[in-house]
Protein chains: 2
Amino acid sequence: MTTTSATIRFIDTELASAPDAHEELLNRAFFALSDPVRRTILERLGEGAFLVSELAAPFDISLQAISRHIQVLVRAGLVQQARTGRISTCSLDVGPMFAASVWVNRYSKYWQNQFDALAAGLARLDKEATRHRPTQRKKANRKERR
Amino acid sequence: MTTTSATIRFIDTELASAPDAHEELLNRAFFALSDPVRRTILERLGEGAFLVSELAAPFDISLQAISRHIQVLVRAGLVQQARTGRISTCSLDVGPMFAASVWVNRYSKYWQNQFDALAAGLARLDKEATRHRPTQRKKANRKERR
DNA sequence: TTTATAATCAACTGATCTGTTGATTGTCAA
DNA sequence: TTGACAATCAACAGATCAGTTGATTATAAA
């Protein structure tokens with residue numbers, strides 16, 4: 001990655017012309033990525049284009065719910081939809097993902113001890129889960145509270 | 001970045017032992033990053049450690065609100081707090097950020113045309129904003145609806 | 001034409017988010 | 001001891017989120 005430095009510089013000047021739009025793009029991209037269903041959909045789309053119903057098949061929630069997840073991805077610019085007739089083909093757009101990577105990678109200089117840091121994060125989560133493990137989830141597939 | 005490939009492989013096996021914890025770590029990390037106030041706090045912490053009140057100073061919202069933003073960052077593992085007496089010093093922990101980078105960078109192979117993709121995303125946001133621009137924001141610093 | 005299918009829209013519910021104000025805790029200083 | 005200060009807690013309000021079910025739109029097929 002010898003072009004990273006130049007790349008980031010170019011992006012930064014590009015953003016300076018529309019800083020609000022870029023902020024909003026990051027807001028939406030990170031938010032879209034914060035849900036495991038949406039991340040799974042994106043992983044799937046990494047392999048190619050799929051119909052909404054095909055994307056929905058592996059999940060235990062309604063097609064409508066998946067349709068709205070996809071809408072979140074579309075509004076974040078991560079997914080494009082092409083409707084031909086009654087079917088809608090979804091495909092990936094990694095533009096916002098690249099923007100997210102640029103933002104996050106500003107901290108890459110701290111990643112000498114990435115293993116320790118990640119292990120510590122996981123250990124902390126395990127300890128949390130052990131300390132007060134929920135007896136039962138309130139709703140299936142519901143997002144964990146903490 | 002000649003070690004990237006080996007790095008990612010190591011992390012993946014590490015995660016396989018606690019997949020749920022890793023999922024939850026990503027959920028929280030991406031969600032924490034989806035708010036511009038929290039991203040600004042993280043940028044600041046990249047320069048060193050700060051008190052809660054110091055982090056709150058640049059913002060127009062209450063100290064309590066900032067305190068809760070920091071709690072979100074702490075629960076995501078991105079920030080550590082050390083309380084000595086009545087003051088609380090906040091510092092950065094890039095572990096979850098590294099995990100987020102690893103996830104996002106699985107799409108780096110698509111980034112040959114990153115410039116076009118990002119520009120398209122920004123152009124789309126601009127077009128949206130022009131089409132139905134809100135006459136006035138409902139609340140100061142409130143998150144944009146779309 | 002009638003029927004089945006893909007996908008979205010609409011309305012509703014319960015949970016979560018983000019901000020507010022007021023009270024509280026705990027420490028430092030006059 | 002008393003008062004100021006850093007930070008959090010607690011309770012509330014308004015908005016958003018994520019799921020549901022039922023209706024609707026539009027195309028494909030019998």
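Per chain, numbering begins at 1; letters A, B, ... match sequence-line order.
- Listed pair Q71(B) / dC9(D) meets the phosphate criterion, a side-chain N or O lying under 4.0 Å from OP1 or OP2.
- Distance from the side chain of R38(A) is smallest for dA18(D) among the nucleotides dT8(D), dT21(D), dA18(D).
- Of all nucleotides listed (dC17(D), dC17(C), dT8(D)), dC17(D) comes nearest to the side chain of F31(A).
- The backbone N or O of M97(B) lies less than 3.5 Å from no partner atom in the side chain of S101(B), so there is not a single donor-acceptor pair.
- Remark on DNA chain C: of its neighbouring residues I87(A) and R68(A), the 5'-side contact belongs to I87(A), judged by nearest-heavy-atom nucleotide.
- Going from atom CG of N27(B) over to atom P of dA15(C) covers 19 Å, rounded to whole Å.
- Look at E23(A) and R39(B) and you find a salt bridge, because one of the NZ, NE, NH1 or NH2 atoms lies within 4.0 Å of a carboxylate O, short of that distance.
- One interatomic measurement links the two molecules: CG of L51(B) to P of dG26(C), which rounds to 20 Å at whole-angstrom precision.
- In this model, the phosphate group of dC17(C) is not approached by any side-chain N or O of H69(B) to a distance below 4.0 Å at OP1 or OP2.
- Between the C1' atom of dA15(D) and the CG atom of D35(B) lies a distance of 14 Å, rounded to the nearest Å.
- I41(B) is listed as a side-chain neighbour of F59(B), based on a closest heavy-atom distance under 4.5 Å.
- Counting only distance, with no hydrogens or angles, the side chain of R38(B) and the backbone of F31(B) share a donor-acceptor pair below 3.5 Å.
- For Q81(B) and dA7(D), the CD to C1' distance is 9 Å, given to the nearest whole Å.
- Between F59(B) atom CZ and dT20(C) atom P there is a gap of 13 Å when expressed in whole angstrom units.
- The CD1 atom of I61(B) sits 21 Å away from the P atom of dA13(D) (whole-angstrom rounding).
- Counting to the nearest Å, the C1' atom of dT20(C) and the CD1 atom of I66(B) are 13 Å from each other.
- If you run side-chain contact (heavy atoms from CB on, under 4.5 Å) between V79(A) and each of D93(A), V72(A), L55(A), L45(A), only L45(A) comes through.
- Y107(A) contributes a side-chain N or O that, together with a main-chain N or O of E43(B), makes up a donor-acceptor pair within less than 3.5 Å.
- Side-chain atoms of R106(A) come within 3.5 Å of backbone N or O of W103(A) as a donor-acceptor pair.
- Applying the 4.0 Å criterion to OP1 and OP2 of dA7(C), one finds that S67(A) has every side-chain N and O outside that range.
- Look at S53(A) and you'll find a side-chain N or O under 4.0 angstrom from OP1 or OP2 of dA7(C).
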(request) Going 5' to 3' through nucleotides 22-28 of chain D, assign each nucleotide B (protein heavy atom under 4.0 Å from a base atom), S (under 4.0 Å only from sugar-phosphate atoms) or - (no protein heavy atom that close). (result) B----BS

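- When each of E54(B) and S62(A) is assigned the nucleotide of DNA chain D with its nearest heavy atom, E54(B) is the one assigned upstream, toward the 5' end.
- Computed from coordinates, the L63(A) CG to dA18(D) C1' distance equals 15 Å when rounded to whole Å.
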